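Data first, discussion second: the structure below is written as structure tokens.
By convention in this document, chain letters (A, B, ...) are assigned in the order of the sequence lines, proteins followed by strands, and residues within each chain are numbered from 1. Predicted model only: the values in this text are computed from it and were never measured.
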Number of protein chains: 2
Amino acid sequence: MTDSRVSMPRRSLPAAEDHAARFARQREADRTATAEDYVELIADLLREEGEARAVDLSRRMGVSQATVTATIGRLQRDGLVETKPYRGLFLTEAGTELATAAKSRHDLVVRFLIAVGLDAETAEQDAEGLEHHASDEALAAFARFLAKRDDPI
Amino acid sequence: MTDSRVSMPRRSLPAAEDHAARFARQREADRTATAEDYVELIADLLREEGEARAVDLSRRMGVSQATVTATIGRLQRDGLVETKPYRGLFLTEAGTELATAAKSRHDLVVRFLIAVGLDAETAEQDAEGLEHHASDEALAAFARFLAKRDDPI
DNA sequence: AACACTTCTTAGCCTAGGCTAACTTTCAGA
DNA sequence: TCTGAAAGTTAGCCTAGGCTAAGAAGTGTT
Ligand SMILES: [Mn+2]
Ligand SMILES: [Mn+2]
Ligand SMILES: [Mn+2]
Ligand SMILES: [Mn+2]
């Protein structure tokens with residue numbers, strides 16, 4: 001029903017299917033965000049503290065221990081995490097890979113935001129959300145930006 | 001239990017409360033994202049098509065009509081939207097404000113991503129998700145970046 | 001006026017991700 | 001060794017946001 005008599009009208013709305021695809025991709029990113037944040041945090045805790053306890057996740061995620069138990073259950077079901085009660089959480093191969101990717105993405109976003117003028121704390125804050133919605137293309141662009149800035153021939 | 005004997009150790013983890021605050025803010029952004037996307041789309045449809053039907057939202061969001069009904073119900077409950085069945089959706093004052101803010105944020109993010117090297121379609125795609133997680137500070141930084149680029153005195 | 005098509009709603013279901021309260025298990029210190 | 005605190009689990013609840021299938025309600029065309 002779109003009027004196509006004018007060659008380049010006030011075309012602000014994309015084709016419905018394309019539009020829908022954008023939102024679908026975003027919903028997908030939302031679904032994986034929790035897993036990424038958890039495995040990233042588990043990896044950080046393992047590296048920095050030597051162990052990652054559910055109670056630490058609870059504190060650092062700002063969520064009840066019951067919620068952590070449930071979430072960890074899903075991560076376990078999905079083959080990302082293993083647990084030894086009272087002995088902490090461990091990442092599977094897949095979990096480690098996901099954590100590594102998440103961390104490098106996180107760090108890249110933080111560095112980019114700082115380069116673009118944000119203070120470190122705001123950059124960290126924003127990165128926590130933005131990291132899950134930047135495509136590989138966007139990340140590549142961020143990396144190029146940083147490279148150019150560091151080496152401005 | 002954090003060891004504070006060393007002055008500046010491998011401090012990668014922020015204080016637990018700060019860490020939790022970051023995630024809390026992100027959860028908040030996630031909660032408001034759907035409302036923003038819906039009112040933004042309704043405003044776009046009203047402007048471009050003259051009316052915003054639930055069935056169009058369904059198509060453009062890539063979601064069933066039943067889901068749209070439910071979501072619109074929440075938006076109505078929250079005072080953002082009004083409905084006249086078979087006559088489309090309308091924004092309240094609050095809804096219009098939210099839509100306007102969402103759209104300007106969306107556009108800013110798109111322009112910024114393009115300026116940083118993304119192609120238009122990827123920029124649109126990514127903006128759909130990123131827009132909900134960029135703080136005012138980040139948006140201001142993006143705007144500064146664009147301004148400087150356009151006027152590189 | 002009737003009929004078909006479209007639009008919208010309703011009912012019933014599901015998962016993720018939150019919560020509190022109560023319980024169990026482990027650990028550590030007296 | 002006991003025993004209290006910490007850690008973890010379980011049960012039961014909630015909301016958002018998805019879905020399908022079925023039915024109701026407009027709308028438009030003949
Ligand atoms: Mn994150
Ligand atoms: Mn992160
Ligand atoms: Mn969006
Ligand atoms: Mn948007």
Next on the checklist: Under the side-chain contact (heavy atoms from CB on, under 4.5 Å) test against B:M61, which residue among B:D56, B:V68, B:T71, B:L41 passes?
Outcome noted: B:L41
Checklist entry - How many Å lie between CG on A:L89 and P on D:dA7, as a whole number? => result 13 Å
Checklist entry - Is a side-chain donor-acceptor pair under 3.5 Å present for B:E124 with B:H106? => result yes
Checklist entry - Can you check the B:R59 CZ to C:dT7 C1' distance for me, whole Å? => result 10 Å
Checklist entry - Do B:Y86 and C:dT7 share a donor-acceptor pair, side chain to base, under 3.5 Å? => result yes
Checklist entry - Does B:T34 put a side-chain nitrogen or oxygen below 4.0 Å from OP1 or OP2 of D:dG17? => result yes
Item to check | Residue whose closest nucleotide on DNA chain C lies nearer the 5' end, B:V55 versus A:A66 | outcome: B:V55
Next on the checklist: Check B:K103 with B:D107, please: is the shortest side-chain N to carboxylate O separation under 4.0 Å?
Outcome noted: yes
Checklist entry - What does B:V68 touch in the nucleic acid at a heavy-atom separation under 4.0 angstrom: a base, only the sugar-phosphate, or nothing? => result nothing
Checklist entry - Nearest to the side chain of A:Q65 - C:dC8, D:dA7, D:dC19? => result D:dA7
Checklist entry - In terms of ring plane angle, is the pair A:F112 and A:F142 parallel, tilted or perpendicular, where the classes change at 30° and 60°? => result parallel
Item to check | Short side-chain N/O contact from A:T67 to OP1 or OP2 of C:dG17, under 4.0 Å | outcome: no
Item to check | Atom-to-atom span, CG of A:L80 to P of C:dA16 - whole angstrom | outcome: 13 Å
Next on the checklist: Within the 4.0 Å heavy-atom criterion, would you say B:T71 contacts the bases, only the backbone, or no part of the nucleic acid?
Outcome noted: nothing
Checklist entry - When you check the gap from the basic side-chain N to the acidic O, do A:E121 and B:R22 get nearer than 4.0 Å? => result yes
Checklist entry - Atom CZ of A:R53 to atom C1' of C:dT25: distance rounded to whole Å? => result 13 Å
Checklist outcome for this item: Taken to the nearest whole Å, CG/A:L57 to P/D:dA6 is 19 Å
Checklist entry - B:F23 CZ to C:dG17 P: how many Å, rounded? => result 13 Å
Checklist entry - Is it true that A:E17 and B:R59 make a salt bridge, defined as a side-chain N closer than 4.0 Å to a carboxylate O? => result no
Next on the checklist: Less than 4.0 angstrom between a side-chain N/O of B:R77 and OP1 or OP2 of D:dA16, yes or no?
Outcome noted: yes
Checklist entry - Starting at CG of A:D37 and ending at P of C:dG17, how long is that distance when rounded to a whole Å? => result 10 Å
Checklist outcome for this item: The nucleotide from C:dG18, C:dC8, D:dG8 with an atom nearest the side chain of B:T69 is C:dC8
Checklist entry - Counting any heavy atom closer than 4.0 Å, what does A:A70 reach on the DNA or RNA strands: base, sugar-phosphate only, or nothing? => result nothing
Item to check | Per A:P85 side chain, nearest of listed nucleotides C:dC8, D:dG18, D:dT9 | outcome: D:dT9
Checklist entry - Is the phosphate of D:dG17, meaning OP1 or OP2, less than 4.0 Å from a side-chain N or O of B:R74? => result yes
Item to check | Value in whole Å for how far the P atom of C:dC8 lies from CD of B:Q76 | outcome: 13 Å
Next on the checklist: Using OP1 and OP2 only, check whether a side-chain N or O of A:R87 sits under 4.0 Å from C:dC27.
Outcome noted: yes
